[in-house]
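Both backbone and side-chain heavy atoms feed into the values below; hydrogens, waters and symmetry mates do not.
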Amino acid sequence: MIAYVANPFPEAAVLDDFWRRAWGGPPPRNYGHVLSLSLAHLGAKDGERLVGFVNIAWDGGLHAFILDTAVDVAYRRQGIASELVRLAAKLARDRGAKWLHVDFEPHLEGFYRACGFGPTAAGLMQLSP
């Protein structure tokens, strides 16, 4: 059974192992520091194994942002990502956020629409190559 945990602050080796299974590469540098600045983050665990993750960044006020939604390849298509997003929305609301934003690649549009996100116009500027 999958357990969902708020702010698990996984050890670097645990997060590195998960990130490689979910994303195929190492996590961003200083990711522990990123988590310390976030509104919250959620982990999905199968026993002690981290199998899903989402970070909730924020602006310090009314806006929260879903980042790094990921599920271990072996655990996909079981509703884990949807539950992580649902719990992230509840947690962000409980902590005072009024808006929840997400950016995603085109192939994920159906997933995020099914999670309740509506279309918005937005811009993106690449700051480094």
Side-chain angles (χ1 to χ4, degrees):
M1 173 173 259
I2 303 299
Y4 297 89
V5 182
N7 299 320
F9 286 100
E11 294 179 11
V14 170
L15 189 59
D16 184 73
D17 180 55
F18 167 74
W19 206 276
R20 288 176 188 283
R21 286 183 280 117
W23 293 98
R29 212 168 40 107
N30 298 322
Y31 200 71
H33 178 69
V34 170
L35 295 180
S36 73
L37 299 172
S38 295
L39 178 63
H41 61 281
L42 294 160
K45 297 180 87 177
D46 184 3
E48 291 301 310
R49 182 180 173 132
L50 184 65
V51 299
F53 185 84
V54 66
N55 184 21
I56 311 164
W58 69 320
D59 67 352
L62 301 177
H63 296 266
F65 308 83
I66 295 284
L67 298 170
D68 303 327
T69 306
V71 175
D72 183 316
V73 173
Y75 287 80
R76 292 184 182 164
R77 299 250 180 248
Q78 298 178 34
I80 294 170
S82 297
E83 184 66 3
L84 284 167
V85 171
R86 186 189 73 75
L87 292 170
K90 180 182 182 323
L91 187 54
R93 182 175 34 254
D94 291 349
R95 295 193 176 182
K98 301 295 180 202
W99 297 97
L100 186 60
H101 304 258
V102 66
D103 290 327
F104 49 81
E105 295 176 6
H107 71 279
L108 294 172
E109 182 173 359
F111 168 76
Y112 283 108
R113 295 288 181 257
C115 288
F117 288 91
T120 63
L124 178 67
M125 177 190 295
Q126 184 174 356
L127 299 177
S128 62

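Across A88 and L42, no two heavy atoms sit closer than the pair N-CD1, 3.3 Å. Listed here is the closest heavy atom pair of N55 and S38: OD1-OG, 2.7 Å. Scanning all heavy atoms of the two residues, the minimum distance from V54 to L67 falls at CG2-O, 3.7 Å. Residues L100 and A92 approach most closely at CD1-CB, 4.5 Å, considering heavy atoms.
Grouped with Y31 in one hydrophobic cluster are F9, V14, L15, F18, W19, W23, V34, L35, L50, F53, the linkage being side-chain heavy-atom contacts under 4.5 Å among Ile, Leu, Val, Met, Phe, Trp and Tyr residues. Using a 4.5 Å cut-off between side-chain heavy atoms of Ile, Leu, Val, Met, Phe, Trp and Tyr, L127 falls into a hydrophobic cluster with M125.
Note: the hydrophobic cluster containing V73 does not contain Y75 (ILVMFWY, side chain heavy atoms under 4.5 Å, direct or indirect links). Under the 4.5 Å side-chain heavy-atom criterion for grouping Ile, Leu, Val, Met, Phe, Trp and Tyr, I2 is connected to L84 within one hydrophobic cluster. Hydrophobic clustering (side-chain heavy atoms under 4.5 Å, transitive across Ile, Leu, Val, Met, Phe, Trp, Tyr) groups L108 together with V85. Side-chain heavy atoms closer than 4.5 Å link hydrophobic residues (I, L, V, M, F, W, Y) into clusters, and following such links, even through other members, never connects V102 to F65.
Between the CZ atom of R95 and the NZ atom of K90 there is a distance of 10.5 Å, given to the nearest 0.5 Å. Taking CZ of R93 as the start and NZ of K98 as the end, the distance is 10.0 Å to the nearest 0.5 Å. Note that OH of Y112 is 10.0 Å distant from CD of E105, once rounded to the nearest 0.5 Å. Put simply, CG on L91 and CD1 on I56 are 4.5 Å apart, with the number rounded to the nearest 0.5 Å. M1 contributes atom CE, which lies 10.5 Å from atom CG of D46 (distance to the nearest 0.5 angstrom).
R76 places no side-chain N or O within donor-acceptor distance of the main-chain N or O of A81, the cut-off being under 3.5 Å.
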The test is side chain to side chain contact (heavy atoms under 4.5 Å, CB included); show your working for H41 and N7 and say whether it passes. CA-CA 5 Å; H41 61 281; N7 299 320; 3.4 Å; yes
What's the verdict on side chain to side chain contact (heavy atoms under 4.5 Å, CB included) for I66 and F117, showing C-alpha distance, side-chain angles and the deciding distance? CA-CA 11 Å; I66 295 284; F117 288 91; 4.1 Å; yes
Show your working on side chain to side chain contact (heavy atoms under 4.5 Å, CB included) between I80 and Y4 and close with a plain yes or no. CA-CA 9 Å; I80 294 170; Y4 297 89; 3.8 Å; yes
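Counting heavy atoms from C-beta outward, R113 and P119 have side chains that approach closer than 4.5 Å.
Residues passing the side chain to side chain donor-acceptor pair (under 3.5 Å) test with R49 are D72, sequence neighbours excluded.
Within 6.0 Å of atom CD in Q78, more than 12 heavy atoms from other residues, nucleotides or ligands are found, so the atom counts as buried in its surroundings.
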